[in-house]
Amino acid sequence: MRDFYIAHEEDIRAGKTTDVYFIRTRKVLRKKGIRRKAFADVTTTSLPNGWKWGVLGGIEEVAKLFEGMPVNVYAMPEGTIFHPYEPVLQIEGYYDDFGIYETALLGMLSQASGIATAALRIKIAANFKPVYSFGIRHMHPAIAPMIDRSAFIGGCDGVSGVLGAEMMGEKAVGTMPHALILTVGDQVEAWRYFDEVVEPEVPRTALVDTLCDEKFEALMAAEALGERLNAVRLDTPSSRRGNFRRIIEEVRWELNLRGYDWVKVLVSGGLDEESIAEIADIADAFGVGSAIASAKPVDFSLDIVEVEGKPMTKRGKLSGRKQVYRCENGHYHRVPADRRLEKCPVCGAKVEPLLKPLIENGEIVAELPKAREIREYVLEQAKRFNLTLE
């Protein structure tokens, strides 16, 4: 018996994380000698919470899932902004070879895209100020690295998870918990011990809401650490929060009045895009938990749209192969694959096809960028296309 209810990599590759009806479908097809080539689209008809756009995540894991299998896969580059009804990924091969992987494929794309989208929305709400993902404690530890990577590529400036950061080639970020101050028994001593022990390259951010009023603890921290203090963190509980904006304003005022204007104010604790938008002008950085880590997955589905070269699909879907073009000004166009667009029908700008070869007969043929490169691509799109939260 396993100690933890998790699937290992070999379980996923063996198709054990699938819905049972895919296993039964393959059994029927193979028993009856039905072996037909199929072409399938992955799309969503809507996004969580009425969102208008999403950030595509999970492509690297999908590439690794299908590596070595007799299939062709086409996909938008990871981090691409997409919309409902646009295919983000397509797979081509004998259905009895790839059908059992539908569950895993959709899970990889759906959850990663939901988290990445939530991260970018919060980054936009924060006016592109620093945002850190502190939310892996709200989800099963088995998927902590996936959560951290998705949050990072979506726009977060750092993640708190040690393994997730390590797998991306990044350094984990974080401040200090209330446990340190409570165990030491005195906040000033705790801040000084942290300063003495923790590596010098780690920014000195003092947690200032444990035992006293935030503005008084902020001044105590500034006096104790002086120029070594980088920031104070307000993690004020909801039962004490009242008007959080006024609390932040008080802290900023008192620090500035005494010449500690370099000390930044980092806020955390139950933040979401709405609450961040209300304080984005006065806070310097944001630590976000469940609003990113527990974001709703994108409801992707995989649908056969062609069988043995003939357009065919179920009711409510569009049959046939497709391509999605995007112009330099952010206009998207979904067209039949055999209709090539040279310029945008809306503005006349140059266009590029977004669905590109990812796997050819089991071989990964696309570049799989590092997480930091994907993050830069995501933020570049957000600014170039003036993405909004509406």
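Using a 4.0 Å cut-off between charged nitrogen and carboxylate oxygen, Asp281 and Arg245 count as a salt-bridge pair. Asp157 and Arg375 are joined by a salt bridge, as a carboxylate oxygen and a charged side-chain nitrogen come within less than 4.0 angstrom of each other. A salt bridge does not link Glu199 with Lys171: none of the charged nitrogens is closer than 4.0 Å to a carboxylate oxygen. Between Glu376 and Arg372, no side-chain nitrogen of the basic residue sits less than 4.0 Å from a carboxylate oxygen of the acidic one, so the salt-bridge criterion is not met. Remark: Glu196 does not engage Arg192 in a salt bridge, criterion side-chain N to carboxylate O under 4.0 Å. Here Asp11 pairs with Arg2 in a salt bridge; the nearest charged N to carboxylate O distance falls below 4.0 Å.
Note that CD of Gln187 is 9.5 Å distant from CG of Leu182, once rounded to the nearest 0.5 Å. Residue Arg233 holds its CZ atom at 4.5 Å from CG of Leu207, rounded to the nearest 0.5 Å. Here the straight-line distance linking atom CD1 of Ile100 with atom CG of Asp19 works out to 11.5 Å at 0.5 Å rounding. From Met69, atom CE reaches atom CZ of Phe98 across 11.5 Å, with rounding to the nearest 0.5 Å. Here the CG-CD distance, from Leu358 to Glu78, works out to 9.5 Å after rounding to the nearest 0.5 Å. In this structure, the separation between CD1 on Ile147 and CD1 on Ile292 is 11.0 Å, given to the nearest 0.5 Å.
Between the Ser110 side chain and the Gly107 main chain, no donor and acceptor come within less than 3.5 Å of each other. Within the 3.5 Å criterion, the main-chain N or O of Ala142 finds a donor-acceptor partner in the side chain of His140. A donor-acceptor contact shorter than 3.5 Å is absent between the side chain of Arg35 and the backbone of Asp96. In this structure, Thr44 contributes its side chain and Asp299 its backbone to a donor-acceptor pair below 3.5 Å. Under the 3.5 Å distance criterion, the side-chain polar atoms of Arg258 are matched with a main-chain donor or acceptor of Glu254. Side-chain N or O atoms of Glu61 include none that pairs as donor or acceptor with a backbone N or O of Gly58 at under 3.5 Å. Of the possible polar contacts, one joining the Arg204 side chain to the Asp195 backbone as a donor-acceptor pair under 3.5 Å is found. Side-chain atoms of Thr313 come within 3.5 Å of backbone atoms of Ile304 as a donor-acceptor pair (strictly under, hydrogens ignored). In this structure, Ser160 contributes its side chain and Val173 its backbone to no donor-acceptor pair below 3.5 Å. At distances below 3.5 Å, at least one donor-acceptor pair connects side-chain atoms of Asn72 with backbone N or O atoms of Asn361.
Considering all non-hydrogen atoms of both residues, Ile12 and Ala104 come closest at CG2-CB, 4.1 Å. Listed here is the closest heavy atom pair of Ala144 and Ile136: O-CG2, 3.9 Å. The minimum heavy-atom distance linking Ala63 with Leu368 is given by the pair CB-CD2, 4.3 Å. In terms of heavy-atom proximity, Thr80 sits nearest to Tyr377 at OG1-OH, 2.9 Å. A pairwise comparison of heavy atoms in Ala349 and Asn329 identifies CB-ND2, 3.7 Å as the closest pair. Shown here for Leu109 and Leu56, the closest heavy-atom pair between the two residues is CD2-CD1, 4.4 Å.
Taking the ring centroids of Trp191 and Tyr193, they lie at or beyond the 6.0 Å cut-off.
Within the structure, salt bridge (charged side-chain N to carboxylate O under 4.0 Å, His left out) pairs that include any residue of residues 342-364 comprise Arg326-Glu352, Arg340-Glu342, Glu352-Lys356 (at least two apart or interchain). Sequence neighbours left out, the pairs with a member in residues 304-316 that pass salt bridge (charged side-chain N to carboxylate O under 4.0 Å, His left out) are Asp303-Lys314, Glu306-Arg321.
When side chains are defined from C-beta on, Trp53 counts as touching Leu120, because their heavy atoms get closer than 4.5 Å. The side-chain heavy atoms of Leu219 and Leu255, taken from C-beta on, include a pair separated by under 4.5 Å. Using a 4.5 Å heavy-atom threshold, the side chains of Tyr85 and Leu318 count as separate. Contact annotation: the side chain of Glu9 never approaches that of Lys64 to less than 4.5 Å [non-hydrogen atoms, C-beta and beyond]. With contacts defined as side-chain heavy-atom distances shorter than 4.5 Å, the pair Gln111/Ile143 qualifies. Taking the side chain as every heavy atom from C-beta outward, Thr25 and Tyr95 approach each other to under 4.5 Å. At least one side-chain heavy atom of Leu105 sits under 4.5 Å from a side-chain heavy atom of Phe66. Val232 places none of its side-chain heavy atoms less than 4.5 Å from the side chain of Glu217.
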(request) Take Asp284 and Leu266 through the side-chain contact (heavy atoms from CB on, under 4.5 Å) test and state the conclusion after the steps. (result) CA-CA 6 Å; Asp284 298 299; Leu266 166 66; over 6 Å; no
(request) For Tyr332 and Leu354, run side-chain contact (heavy atoms from CB on, under 4.5 Å): C-alpha distance rounded to whole Å, both residues' side-chain angles, the deciding distance at 0.1 Å, then the answer. (result) CA-CA 10 Å; Tyr332 286 68; Leu354 292 179; 3.6 Å; yes
(request) Given side-chain contact (heavy atoms from CB on, under 4.5 Å), test Tyr101 with Ile91 step by step and report yes or no. (result) CA-CA 11 Å; Tyr101 297 101; Ile91 185 166; over 6 Å; no
(request) For Ile282 and Glu249, run side-chain contact (heavy atoms from CB on, under 4.5 Å): C-alpha distance rounded to whole Å, both residues' side-chain angles, the deciding distance at 0.1 Å, then the answer. (result) CA-CA 7 Å; Ile282 56 171; Glu249 287 175 340; 3.8 Å; yes
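Using a 30° and 60° split on the angle between ring planes, His333 and His331 fall in the tilted class, from 30° to 60°. By the 30° and 60° cut-offs, the orientation of the rings of Phe82 relative to Phe300 is tilted.
Taking hydrophobic clusters as Ile, Leu, Val, Met, Phe, Trp and Tyr residues chained together by side-chain heavy-atom distances below 4.5 Å, Leu47 does not share a cluster with Ile122. Met168 and Met139 fall into different hydrophobic clusters, where Ile, Leu, Val, Met, Phe, Trp and Tyr residues are linked whenever their side-chain heavy atoms come under 4.5 Å apart, directly or through other members. Ile248 and Tyr132 are assigned to two separate hydrophobic clusters, defined by single-linkage of ILVMFWY side chains at heavy-atom distances under 4.5 Å.
Other residues, nucleotides and ligands contribute more than 12 heavy atoms inside 6.0 Å of the NZ atom of Lys317. The number of heavy-atom neighbours closer than 6.0 Å to NZ of Lys129, taken from other residues, nucleotides and ligands shown, is above 12. Shown here is Trp262, whose CH2 atom has more than 12 heavy atoms of other residues, nucleotides or ligands within 6.0 Å. Other residues, nucleotides and ligands contribute more than 12 heavy atoms inside 6.0 Å of the NZ atom of Lys322. Counting non-hydrogen atoms of other residues, nucleotides and ligands closer than 6.0 Å to CE of Met167 gives a total of 12 or fewer. For Arg246, the CZ atom is loosely surrounded, since the number of other residues' heavy atoms within 6.0 Å does not exceed 12. For Glu201, the CD atom sits in a packed shell: over 12 heavy atoms of surrounding residues, nucleotides or ligands are nearer than 6.0 Å. The local environment of CZ in Arg30 is crowded, with over 12 non-hydrogen atoms from other residues, nucleotides or ligands closer than 6.0 Å.
Side chains of Tyr74 and Gln323: a donor-acceptor N/O pair is absent below 3.5 angstrom, by distance only. Checking Ser268 against Asp235 by side-chain atom types alone, a donor-acceptor pair falls below 3.5 Å.
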